[in-house]
Amino acid sequence: MIPNTITFSTDQAEAYDHVAQLLRGAGVDLDDGMLYPAGELKTPVLAVMGKAGSGKTLLLAQLYKALKDAGVEVISGDYESRRKRQKRTLAILAPTNKAASVLRMRGVPATTIHRILYTPVYDPEYERIAEWLSGEAERPDVEGLTDDALDRAHDFYQVAKSIPGALAAAGLRGSDFITGWKRREDPLDIGFIDESSMLDDRQFEDLKEIFPTLVLFGDPAQLAPVNQSGAMVFDRLPDGQKKHLSRVHRQTQDNPILDLAHALADPNLQFHDFEQMIEDKARQDDRVVWGQRVEVDLMARSPVLVWRNATRIRLINAFRNVYNAPDDALLEGEPLICDGIELPLKHRKKRIDLEARGLIKGAQVVYLGPGRKPGFSRLHVMGAEDPQVSAASIVKIERPEEEEPFIPYAARMGAAFLHGAAVTIHKAQGSQWDTVQVFAPDLYTAARMNRNEAGQPLWKRLAYVAITRAQDRLIWVVRNRLSKPTFPLTTLDLKQAAAPELSLTSALPDQAT
């Protein structure tokens with residue numbers, strides 16, 4: 001049964017019915033709102049695929065609402081109640097913090113894959129508050145917390161269903177109530193995975209182990225993971241387990257950015273013809289800009305998208321130069337990209353701790369200043385539900401024509417970072433920004449090389465992914481120039497967005513905070 005308040009296209013309606021049939025076989029009947037115990041057998045994986053604007057997010061959101069109305073419990077990454085075995089559950093996941101935040105902004109309670117793989121361990125005293133907020137227990141009496149503090153936690157939770165956020169509103173820090181993280185031991189139930197074109201084979205196998213019922217939502221026109229040879233995990237599914245959305249829905253009326261994205265499907269389109277289309281659109285609509293230079297003011301929050309690493313490194317150094325950034329330190333407000341966790345195997349628990357708090361490979365981070373201990377940095381993880389983190393950091397600044405990066409900050413081990421003023425288009429997948437700058441000379445180089453990926457010219461895949469990262473405005477930069485900044489770097493916008501702030505401190509052995 002399709003929700004009455006939404007008018008679906010034919011392909012959306014067919015995809016909805018196909019997912020509903022899958023769920024019915026798993027014991028969740030959306031037609032009559034009835035839930036039945038999960039069976040022992042796993043149901044097949046189903047993939048819902050479509051290009052940008054085809055309505056994947058709308059479909060996912062309506063399925064989530066239907067499941068919630070039927071009584072399915074939604075599992076978040078910040079707290080999991082001690083539920084009864086007969087409860088049916090749903091987790092909505094994305095590979096990155098930014099991708100999850102895009103869904104949350106649209107009312108879908110998404111979290112990252114890492115936050116589901118690793119679950120927080122709460123102090124028993126404060127877990128009583130979490131149980132009360134989630135409706136599992138009576139209002140507790142907690143030593144050290146006033147009734148006003150509990151009221152603040154309750155009021156926060158009514159607006160944003162975040163247990164850590166509610167506890168922070170009561171005046172607690174993350175280190176007060178989260179004592180650690182553990183690898184999930186028990187499987188879950190139903191999993192919806194957005195941006196599934198970013199999944200590699202190992203992640204896919206992990207998800208199939210956790211979720212007996214799995215629905216993938218992905219864009220087949222995006223770039224496959226680097227180590228997948230142009231193939232995406234849903235490409236190998238049988239035809240009966242794939243549903244395609246072909247019609248464009250998102251802002252279908254007068255969206256020049258989507259027009260350009262879908263024009264790339266023309267097999268006869270050449271690079272110079274596509275650039276002419278962009279220039280024509282720029283004359284007609286200010287949402288498309290034919291840029292003569294990179295706008296440096298945007299780079300601190302919206303990185304320039306490039307193809308080549310050499311271009312990325314040059315732009316990063318130009319960015320730091322115009323802000324007079326010192327060689328031996330970062331300025332507050334400089335953007336970073338998490339490049340992974342550098343810890344020996346014996347510190348697996350600390351790795352889990354850092355990754356669960358959002359410091360996963362590819363996470364976008366803003367430097368807020370030095371931590372209280374040598375080698376520690378205060379960071380804002382973009383798109384994370386609880387963004388304020390303090391962590392042992394290894395920051396690497398790459399320089400043109402130098403093999404080894406310069407390291408202004410280096411703990412002995414911890415989270416590793418590269419600069420984030422420019423990123424490759426591959427790493428930008430799953431993210432969206434209000435305004436996106438695409439460095440066109442790089443794509444021209446890809447076009448001249450005549451490289452192909454999965455049967456399509458590489459430059460077209462690069463251009464498609466890059467321009468569909470823009471929500472409102474696309475700047476197609478055609479010259480290798482950089483503007484001067486009109487204002488200094490700042491973190492005020494992040495501090496305003498992070499109220500109430502949750503400070504999560506990650507300590508490594510012999511570096512306790």
Side-chain angles (χ1 to χ4, degrees), residues 1-3 6-26 30 43-64 66 92-95 99 102-103 106 108 190-199 201 204 207-208 211 213-225 228-252 255 257-267 269 429-430 432 452-457 460-461 463-465 467-469:
M1 182 178 68
I2 298 170
I6 296 293
T7 301
F8 279 155
S9 65
T10 300
D11 54 359
Q12 281 181 313
E14 290 177 353
Y16 186 98
D17 289 342
H18 209 68
V19 175
Q21 181 180 359
L22 177 80
L23 295 173
R24 193 177 303 116
L30 297 184
T43 52
V45 177
L46 177 66
V48 178
M49 299 175 293
K51 291 186 178 181
S54 60
K56 298 186 298 298
T57 301
L58 174 65
L59 182 62
L60 188 157
Q62 292 305 311
L63 286 163
Y64 148 67
I92 303 167
L93 311 180
V102 169
L103 287 175
R106 297 175 184 178
V108 178
I190 301 166
F192 287 176
I193 315 299
D194 197 30
E195 296 288 352
S196 60
S197 60
M198 298 174 65
L199 296 178
D201 289 334
F204 187 38
L207 290 168
K208 287 193 292 184
F211 295 101
T213 303
L214 197 59
V215 183
L216 309 178
F217 296 82
D219 186 340
Q222 292 200 26
L223 293 158
Q228 298 269 122
S229 302
M232 300 174 188
V233 294
F234 46 69
D235 289 338
R236 292 186 291 274
L237 294 177
D239 289 342
Q241 293 173 224
K242 294 187 285 191
K243 295 301 293 183
H244 296 269
L245 302 178
S246 55
R247 181 180 166 187
V248 176
H249 296 269
R250 187 181 71 197
Q251 302 172 350
T252 51
N255 187 324
I257 298 172
L258 280 182
D259 289 345
L260 290 169
H262 288 276
L264 290 162
D266 181 356
L269 183 70
Q429 289 195 121
Q432 284 191 314
N452 289 284
E453 183 176 294
Q456 187 179 17
K460 288 187 176 182
R461 283 190 176 268
Y464 177 87
V465 171
I467 65 181
T468 55
R469 301 310 94 203

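As a basis for the values below, the full set of heavy atoms in this structure was taken, side chains included, without hydrogen atoms, waters or symmetry mates. Source: prediction; values computed, not measured.
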A.B. asks: Side-chain contact, heavy-atom cut-off 4.5 Å: L223 with Y464?
C.D. replies: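 The answer is no, as the side chains (C-beta and beyond) never meet within the 4.5 Å cut-off.
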A.B. asks: Judged by atom type as modelled, is there a donor-acceptor pair below 3.5 Å linking the side chain of K56 to the main-chain atoms of G50?
C.D. replies: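 Yes, because the side chain of K56 sits within donor-acceptor range (under 3.5 Å) of the backbone of G50.
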A.B. asks: Can you measure from CZ (F234) to NZ (K242) and round to the nearest 0.5 angstrom?
C.D. replies: 8.5 Å
A.B. asks: Could you walk me through whether D194 and L93 pass the side chain to side chain contact (heavy atoms under 4.5 Å, CB included) check?
C.D. replies: CA-CA 6 Å; D194 197 30; L93 311 180; over 6 Å; no
A.B. asks: In Å, rounded to the nearest 0.5 Å, how long is the span from CD1 of I92 to CD1 of I193?
C.D. replies: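 These two atoms lie 9.5 Å from each other.
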A.B. asks: Which heavy atom in M232 sits nearest to a heavy atom in Q222, and how many Å separate them?
C.D. replies: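 That would be CE-O, 2.8 Å.
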A.B. asks: Any heavy-atom pair between the side chains of I190 and L23 that's under 4.5 Å?
C.D. replies: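 A side-chain contact under 4.5 Å exists here.
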A.B. asks: Over all heavy atoms of both residues, which pair between A47 and L237 is shortest? Give the atoms and the distance, please.
C.D. replies: CB-CD1, 3.8 Å
A.B. asks: Could you report the tightest heavy-atom contact between D266 and K460, atom names first, then the distance?
C.D. replies: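 In this case the closest contact between D266 and K460 is O-NZ, 2.6 Å.
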A.B. asks: What distance separates D219 CG from S196 OG, expressed to the nearest 0.5 Å?
C.D. replies: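 One finds 9.5 Å between CG of D219 and OG of S196.
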A.B. asks: Which pair of heavy atoms, one from A15 and one from V48, lies closest together, and at what distance?
C.D. replies: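 Nearest heavy atoms, A15 then V48: CB-CG1, 4.5 Å.
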A.B. asks: How many angstroms lie between atom CE of M49 and atom OG of S197, to the nearest 0.5 angstrom?
C.D. replies: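 It is 11.0 Å, given to the nearest 0.5 Å.
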A.B. asks: Once the angle between the rings of F217 and F192 is folded into 0 to 90°, is it parallel (under 30°), tilted (30 to 60°) or perpendicular (over 60°)?
C.D. replies: perpendicular
A.B. asks: Donor-acceptor check, side chain of D11 to backbone of S246, threshold 3.5 angstrom: yes or no?
C.D. replies: yes
A.B. asks: Quick check: does any side chain N or O of K208 sit under 3.5 Å from a backbone N or O of L214, one acting as donor and the other as acceptor?
C.D. replies: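 No: the side chain of K208 does not pair with the backbone of L214.
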A.B. asks: Identify whether the distance between the nearest side-chain nitrogen and carboxylate oxygen of R236 and D201 falls below 4.0 Å.
C.D. replies: yes
A.B. asks: Go through the steps for Q429 and E195 under the test side chain to side chain contact (heavy atoms under 4.5 Å, CB included), then give the verdict.
C.D. replies: CA-CA 8 Å; Q429 289 195 121; E195 296 288 352; 5.6 Å; no
A.B. asks: Please give me the minimum heavy-atom distance between V45 and Q241, naming the atom from each residue.
C.D. replies: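 Answer, listing the atom of V45 first, then Q241: O-NE2, 2.7 Å.
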A.B. asks: Go through it in stages, so that I can follow the logic: the residues are L30 and L63, the test is side chain to side chain contact (heavy atoms under 4.5 Å, CB included), and I'd like the CA-CA distance, side-chain angles, deciding distance and then a yes or no.
C.D. replies: CA-CA 9 Å; L30 297 184; L63 286 163; 4.3 Å; yes
A.B. asks: Rounded to the nearest 0.5 Å, what separation is found between the CG atom of L199 and the CG atom of L207?
C.D. replies: 6.0 Å
A.B. asks: Between OG1 of T468 and CG of L258, what distance do you get to the nearest 0.5 Å?
C.D. replies: 8.5 Å
A.B. asks: Mark yes or no for whether R469, through its side chain, and V465, through its backbone, hold a donor-acceptor pair below 3.5 Å.
C.D. replies: yes
A.B. asks: Which atoms form the tightest heavy-atom contact between F8 and A13, and what is the distance?
C.D. replies: CB-N, 3.9 Å
A.B. asks: Can you find a pair of side-chain heavy atoms, one from E14 and one from K243, that are under 4.5 Å apart?
C.D. replies: yes
